[in-house]
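Here the structure is laid out as structure tokens; the discussion comes afterwards.
The chains referred to below are lettered A, B, ... by the order of the sequence lines, with proteins before strands, and numbering in each begins at 1. Side chains are part of it too, since the values below use all heavy atoms of this structure and drop only hydrogens, waters and symmetry mates. Model, not experiment: these values are computed from the prediction.
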Number of protein chains: 2
Amino acid sequence: MRERKMADVMFGAREVFFRRGYEGASVDAIAAEGKVSKATMYSYYPSKEQLFLGVVESECGRLAEEILRPLSRASEPRALLEELAQRIVDLVLDDTYIRLLRTCIGASEALPEVGEVYFRAGPKPARELVGQVLERLTREGALDVDDARRASDHFIHLCVSGLLMPRLLAVKRAVKPEKHAGEAVAALLRLYGSNHRDKVP
Amino acid sequence: MRERKMADVMFGAREVFFRRGYEGASVDAIAAEGKVSKATMYSYYPSKEQLFLGVVESECGRLAEEILRPLSRASEPRALLEELAQRIVDLVLDDTYIRLLRTCIGASEALPEVGEVYFRAGPKPARELVGQVLERLTREGALDVDDARRASDHFIHLCVSGLLMPRLLAVKRAVKPEKHAGEAVAALLRLYGSNHRDKVP
DNA sequence: TACCGACTAGACGGTATAGTTAAGTCTGAA
DNA sequence: TTCAGACTTAACTATACCGTCTAGTCGGTA
């Protein structure tokens, strides 16, 4: 029962914090949304701020798991890169994750800890994972990456280009991202393909 | 005098809205920050929401002006691209603009109008301006861009890669962006240089 | 001087807020 | 049946909020 109620609290809190932001969310609304009494809520979390941090940490944990999920054993470099790209695109298209990011950004000036937690759960491991893949593909001769960190940033930003901003700003827009991952991989290969140094820049 | 007080109101409102977000900002704090009485405030703006929209529109106007500022008459393609890239990097490093973006993102679920206004003042004209430059350079033979919109998104995101997220999330981090613009231009030229089709992809 | 428009400080009403507490209900095990 | 623990409802405190309003100040003009 305890775990069940705990989950109810988190569920309601997540929804209300995502919808109204940290400051805009009221604890009464959170309790109502989770169908839980305020007394129970306060028996689990001593304050609204702690509850918010709990939600952010829990959601960031799920996010980090999602990012670090094992890759398939695809051997073909292009397939591997497309799997990575698709995973990034899917994250940006996922409502829960984008609302989490929106909420963290909105709260990060007043509660810098929140921004830090999200950064360590999202962008940082993503960059590291992508970096490892790019380095491996470079060792195997499929890519020619000198600075894995910079190349990872480039790859990730090619993946989210044109998608992230409208999503963050809640701009209603018929985003058509079917070919997005493929295009990002194509761009990356042009940027860092193993024969890119042959060119006269 | 009227204009002066009006500016004071806006100044205080901007600071408090940026610091605490729309919901977190109180009208008393805004009046105090602007050294203005509440009565005066309400004589200019009928409500907190209208005041917020006023601040966002005013700041977005400045942002759009900054983006659409005429480019220098640089003729050399690389110099032109570096000027563009540097302008984008500078925007991401500007505290006022990043706080504006943070605030808009934070408020955009509850007040979608705000996200829309920012999008039309920032990302949209930026993409259009960059697109025009890329198309011109393509006509002149310096680039080979087929889809200006996609190429603009790529260029812009190469410019902000590794900078935007830490800034939005208020992550304290020794960002060293001296060579950032140059690297973005180099990457763009590898991606869309006029000889890129010679490669075997 | 008298007046006027724009400002200020501060209090107000009515509501909402975060967090606490008291009294009672439900469930399941001994 | 009894009992303990977890839960709920509902009221409560004390503060903060938005927006309004009153009483009064100030600088310039006729």
Side-chain angles (χ1 to χ4, degrees), chain A residues 1-59 103-104 106-114, chain B residues 1-59 103-104 106-114:
Chain A
M1 189 63 174
R2 281 190 64 85
E3 292 77 13
R4 175 62 183 276
K5 278 294 151 190
M6 190 103 173
D8 289 351
V9 172
M10 288 293 259
F11 177 83
R14 190 186 78 172
E15 179 56 29
V16 177
F17 279 132
F18 284 4
R19 190 159 56 223
R20 313 257 338 246
Y22 171 62
E23 299 273 8
S26 85
V27 293
D28 293 86
I30 290 171
E33 183 81 26
K35 295 185 176 36
V36 161
S37 76
K38 270 211 292 183
T40 303
M41 248 188 56
Y42 274 94
S43 81
Y44 289 122
Y45 297 94
S47 69
K48 179 184 172 184
E49 181 172 327
Q50 288 303 312
L51 176 55
F52 183 59
L53 292 175
V55 168
V56 168
E57 271 165 30
S58 151
E59 292 299 309
T103 307
C104 288
S108 67
E109 175 137 356
L111 299 173
E113 187 179 350
V114 166
Chain B
M1 188 60 175
R2 281 190 63 87
E3 292 76 16
R4 174 60 184 278
K5 279 293 151 190
M6 189 104 172
D8 289 351
V9 172
M10 288 292 258
F11 177 84
R14 190 185 79 173
E15 179 54 29
V16 178
F17 279 131
F18 284 4
R19 190 158 55 222
R20 314 255 342 245
Y22 171 62
E23 299 271 9
S26 85
V27 294
D28 293 83
I30 291 172
E33 183 80 28
K35 294 184 176 40
V36 162
S37 77
K38 270 210 292 181
T40 304
M41 247 188 56
Y42 275 93
S43 81
Y44 289 122
Y45 296 93
S47 69
K48 180 184 171 185
E49 181 172 327
Q50 286 303 310
L51 175 56
F52 182 59
L53 292 176
V55 168
V56 168
E57 271 165 30
S58 151
E59 291 299 310
T103 306
C104 288
S108 67
E109 175 137 356
L111 298 173
E113 186 178 350
V114 166

Residues from residues 17-30 of chain A lying under 4.0 Å of DNA chain C - heavy atoms | A:Ala25, A:Ser26, A:Val27
Of the candidates D:dC7, D:dT20, C:dT8, the side chain of B:Tyr42 sits closest to D:dT20
Rounded to whole Å, the CD-P distance (B:Glu49 to D:dC17) equals 18 Å
4.5 Å side-chain heavy-atom contact, B:Glu59 and B:Phe18 | yes
Taking only the side-chain heavy atoms of A:Lys48 (C-beta and beyond), determine which of D:dT8, C:dG19, C:dT8 contains the nearest atom.
-> C:dG19
Of all heavy-atom pairs between A:Tyr45 and A:Leu51, which one has the smallest distance, and what is that distance?
-> CD1-CD1, 3.5 Å
Proximal nucleotide (of D:dG19, C:dA18, D:dT8) relative to the A:Val36 side chain = D:dT8
Who passes side chain to side chain contact (heavy atoms under 4.5 Å, CB included) against A:Ser58, sequence neighbours left out?
-> A:Met10
State whether the side chain of A:Lys48 and the backbone N or O of A:Tyr22 hold a donor-acceptor pair below 3.5 Å, judged by distance alone.
-> yes
Partners passing side-chain hydrogen bond (donor to acceptor under 3.5 Å, both in side chains) against A:Glu23 (at least two apart in sequence or in another chain) | B:Arg20
May I have the distance from A:Asp8 (atom CG) to D:dC7 (atom P), rounded to whole angstrom?
-> 10 Å
Check whether any side-chain heavy atom of A:Gln50 lies under 4.5 Å from a side-chain heavy atom of A:Tyr44, and answer yes or no.
-> no
OP1 or OP2 of D:dA6 sitting under 4.0 Å from any side-chain N/O of A:Thr40?
-> no
At what distance, to the nearest 0.5 angstrom, does NZ of A:Lys5 lie from CE of A:Met41?
-> 13.0 Å
Closest to the B:Tyr44 side chain: C:dG19, D:dT20, C:dC7?
-> C:dC7
Go through C:dA18, C:dC7, D:dC7 for me and flag the one nearest to the B:Lys5 side chain.
-> C:dC7
Please state whether the base of C:dG19 and the side chain of A:Lys38 form at least one donor-acceptor pair under 3.5 Å?
-> yes
The side chain of A:Ser47 lies closest to which of these nucleotides: D:dT9, C:dG19, D:dC7?
-> C:dG19
Give the rounded distance in Å between these two atoms: CE of A:Met41 and P of C:dT21.
-> 16 Å
